[in-house]
Amino acid sequence: MLKRDPIMRIVMKFGGTSVGDGKKISHVAQLLKKYHEEGNQVVAVTSALGGVTDRLLENARLASTKGKVSLVKEFKTELTNKHYEAIRDAIDNSTVAKEVLQILDLRIDELEKALIGICYLGELTPRSIDYISSYGERLAAPIVSGAVRSLGVASTEYTGGEAGIITSSDYGNAKPLEKTYELVKNRLGCRLGSQVIVVTGFIGENENGIITTLGRSGSDFTASILGAALKADEIWLWKEVNGIMTTDPRIVPEAKTIPQISYAEAMELSYFGANVLHPRTIEPAMREHIPVRVKNTFDPEFPGTLIVSEKLQCRHVVKAVSLIKHVALINVAGAEMAGAVGTVARLFTALAKAGVNVVMISQGSSESNISFVVSEAHAETALQALHAEFNREIVKEITSDENVCVVAVVGAGMAGTPGVAKRVFGALGNSMINIIMISQGSSQYNISFVVREDDAFAAVKTLHDEFELYNGNEIEMQLQSRQEGAESERKTPNIR
Ligand code: ADP
Ligand code: ASP
Ligand code: MG
């Protein structure tokens with residue numbers, strides 16, 4: 001009898017660098033064709049072409065502050081050239097190229113009108129920021145889908161909303177509503193297999209059909225939402241790095257790929273700034289127990305990182321070190337705060353009402369001051385909210401320091417292992433790095449602390465060395481011997 005390879009249902013997301021230009025999109029299309037022709041059911045989620053979301057946001061701000069229509073026209077030309085060039089390099093079938101050009105022209109005209117509107121109004125609401133920034137993905141998806149079609153494989157593109165991603169109206173940080181999972185299944189489920197489905201990452205729609213975004217780097221989250229809704233076998237996140245690494249390779253070039261990591265650890269890492277993953281990516285995958293792989297688009301055979309529920313114990317109690325930049329440390333102090341019941345509740349309620357997200361918190365045992373970290377973008381709003389709430393009663397001093405970073409060490413092996421904090425702070429002390437604030441999450445999978453911005457890279461390097469993370473062999477060997485065991489036990493392949 002003919003032996004078939006197992007057929008998998010895979011949702012694959014390609015990040016901004018992976019679809020950075022036409023040549024890269026062409027490579028992505030080849031990958032999609034290969035997995036499709038091997039008999040897999042493939043859904044591709046695409047980010048905007050690298051750098052486009054930033055340019056959209058910059059130009060939306062410029063339009064609202066400067067109000068110059070001439071700048072909008074210049075930006076239109078820049079965006080048109082970039083995407084036309086991508087079409088030229090990615091699609092070598094003139095009929096398909098023409099179809100895609102038409103869609104892009106229409107969308108770029110719509111965008112131009114919206115930006116000119118902002119010029120005249122002189123204001124930029126969260127809703128219009130989401131609308132403008134959605135164009136990055138809305139221009140990328142037709143090109144990716146066209147590139148697949150030009151290779152002779154059927155493909156259709158959908159926006160997040162068309163695919164069924166219906167969200168709350170929290171512009172800039174929208175959350176999928178529960179009905180999304182049913183809708184996506186109904187809208188895309190029946191189309192799987194016969195074609196490569198391409199969906200815009202990052203964006204959804206609220207219940208009134210208004211475009212929303214899931215937060216920066218939100219395409220990872222889109223892939224996980226679609227994967228959970230379609231009960232995919234795996235979710236693959238294609239990036240320009242070799243998976244999740246022991247730290248950001250731009251800071252420590254000796255960083256190693258982590259071959260396997262648990263959902264819980266990956267969540268801690270993404271919450272604590274390893275901007276390799278959108279913070280909410282893991283939640284939908286985890287609820288359906290779907291393995292997530294982080295792979296390198298430019299080295300597709302490299303296995304990358306597998307994220308699963310299992311927590312693999314290894315000598316490395318600490319698996320990774322991450323760094324969050326662009327944060328502010330806010331300190332709230334006043335002698336009367338000691339024993340004043342409800343102060344903390346008032347403080348955090350005021351911040352929550354102002355939409356400020358608190359990254360970490362610490363309160364000294366004297367109770368006369370509370371420090372917390374927020375993203376730099378929220379610092380001003382946080383200060384205003386606190387001044388309005390306390391108005392010099394109880395709280396005497398509110399200060400903010402933006403020249404700081406948060407460093408986090410993460411690893412499931414830290415839970416219940418004594419001495420990790422001693423090693424962390426001992427090593428930093430030996431390197432003469434001063435720690436401004438400390439916090440340990442109750443999951444015990446991470447210890448995070450604040451240092452001066454000037455010390456941040458040195459802190460990451462010191463800890464990467466202290467926990468010998470450059471030495472990744474042991475976990476690889478463990479996995480290998482386990483895979484060999486599983487190989488010999490395997491009975492039935494997973495055929496749908
Ligand atoms: P995408 O292509 O999906 O948008 P990102 O650019 O968001 O990918 O994420 C990859 C980047 O994250 C890398 O360029 C890398 O510098 C950075 N990074 C930070 N921490 C890590 C880490 N622990 N492992 C891998 N990459 C990391
Ligand atoms: N294009 C969006 C961003 O740059 C979303 C993404 O790339 O995942 O944040
Ligand atoms: Mg990203």
Side-chain angles (χ1 to χ4, degrees), residues 10-32 35 42-57 82-83 86 89-90 133-145 147-148 157 159-160 165 196-204 213-227 232 234-245 248-250 255 257-258 261 266 269-270 273-282 284-285 292-307 322:
I10 317 171
V11 177
M12 299 185 175
K13 172 253 162 163
F14 293 89
T17 315
S18 304
V19 294
D21 58 33
K23 291 203 178 68
K24 290 179 178 165
I25 293 177
S26 174
H27 170 68
V28 164
Q30 302 276 0
L31 282 176
L32 290 170
Y35 290 109
V42 179
V43 176
V45 173
T46 183
S47 290
L49 274 61
V52 169
T53 311
D54 286 335
R55 294 292 292 142
L56 287 163
L57 290 167
K82 187 174 177 91
H83 289 86
D89 290 339
S133 58
S134 75
Y135 276 93
E137 275 67 14
R138 291 204 277 160
L139 297 176
I143 308 181
V144 173
S145 179
V148 173
E157 56 116 355
T159 62
I165 300 183
V196 171
I197 294 172
V198 177
V199 183
T200 58
F202 180 53
I203 62 179
T213 69
L214 307 172
R216 294 305 305 268
S217 293
S219 303
D220 291 337
F221 192 21
T222 303
S224 186
I225 295 167
L226 297 182
E234 293 194 0
I235 296 160
W236 293 6
L237 308 175
W238 293 93
K239 297 177 183 263
E240 84 281 16
V241 274
N242 273 337
I244 298 185
M245 310 191 67
D248 188 337
R250 286 176 302 190
T257 299
I258 304 173
I261 192 168
L269 258 180
S270 59
N275 54 4
V276 63
L277 288 186
H278 177 283
R280 304 196 59 197
T281 306
I282 300 300
V292 179
R293 278 181 206 279
V294 182
K295 285 177 70 75
N296 188 340
T297 317
F298 308 107
D299 188 3
E301 297 310 316
F302 187 79
T305 300
L306 180 63
I307 311 173
S322 75

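In this text, all values refer to a predicted model and were calculated from it rather than measured experimentally. Throughout, numbering of the chain's residues begins at 1 and tracks the sequence.
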- Query: Distance from Ile282 atom CD1 to Ile261 atom CD1, nearest 0.5 Å?
  - Reply: 8.5 Å
- Message: Keeping Thr222 on the side-chain end and Phe202 on the backbone end, is there a donor-acceptor pair under 3.5 Å?
- Response: yes
- Item | Separation of Leu139 CG from Leu49 CG (nearest 0.5 Å) | 8.5 Å
- Please round to the nearest 0.5 Å and tell me the distance separating atom NE2 of His27 and atom CG of Leu32. 10.0 Å
- What is the minimum heavy-atom distance between Val276 and Gly243, and which atoms define it? CG2-O, 4.4 Å
- Item | Candidate list Val11, Ile10, Ile235, test side chain to side chain contact (heavy atoms under 4.5 Å, CB included), partner Val43, passing option | Val11
- Item | Between CZ on residue Arg216 and CG on residue Leu57, distance to nearest 0.5 Å | 5.5 Å
- Taking all non-hydrogen atoms of both residues into account, name the closest pair between Val198 and Ala141 and its distance. CG1-O, 3.9 Å
- Task: Applying side-chain hydrogen bond (donor to acceptor under 3.5 Å, both in side chains) between Lys239 and each of Asp220, Thr17, Thr297, report the one that passes.
- Result: Asp220
- Query: Considering only heavy atoms from C-beta outward, does the side chain of Arg280 approach that of Leu214 to under 4.5 Å?
  - Reply: no
- Parallel, tilted or perpendicular, as decided by the 30° and 60° cut-offs, for the rings of Trp238 and Tyr35: tilted
- Of the non-hydrogen atoms in Ile143 and Ala90, which two are nearest, and what is the gap between them? CG2-CB, 4.4 Å
- Do any N or O atoms from the side chain of Ser224 and from the backbone of Ala285 form a donor-acceptor pair under 3.5 angstrom? yes
- Looking only at non-hydrogen atoms, find the nearest pair between Ala223 and Val45 and report the distance. CA-CG2, 3.9 Å
- Tell me, do Thr281 and Ser270 make a side-chain contact under 4.5 Å, heavy atoms counted? no
- Item | Salt bridge flag under 4.0 Å for residues Lys23 and Asp21 | no
- Message: Once rounded to the nearest 0.5 Å, what's the spacing between atom CG of Leu277 and atom CG of Leu237?
- Response: 6.5 Å
- Task: Give a yes or no answer on whether the side chain of Thr305 reaches the backbone of Ile258 with a donor-acceptor pair at less than 3.5 Å.
- Result: yes
- Taking the side chain from Ser26 and the backbone from Gly22, do they hold a donor-acceptor pair closer than 3.5 Å? no
- Correct closest heavy-atom pair for Pro249 and Ala255 would be CA-CB, 4.2 Å
- Message: Is it the case that the side chain of Thr257 and the backbone of Gly304 share a donor-acceptor pair, with hydrogens and angles ignored and the cut-off at 3.5 Å?
- Response: no
- Query: Is a donor on one side and an acceptor on the other found under 3.5 Å between the side chain of Glu137 and the backbone of Ala48?
  - Reply: yes
- Can you tell me how far the NE2 atom of His278 sits from the OG atom of Ser219, to the nearest 0.5 Å? 9.0 Å
- Message: So which atom in Leu56 and which in Ser133 form the shortest heavy-atom distance, rounded to 0.1 Å?
- Response: CD1-O, 3.8 Å
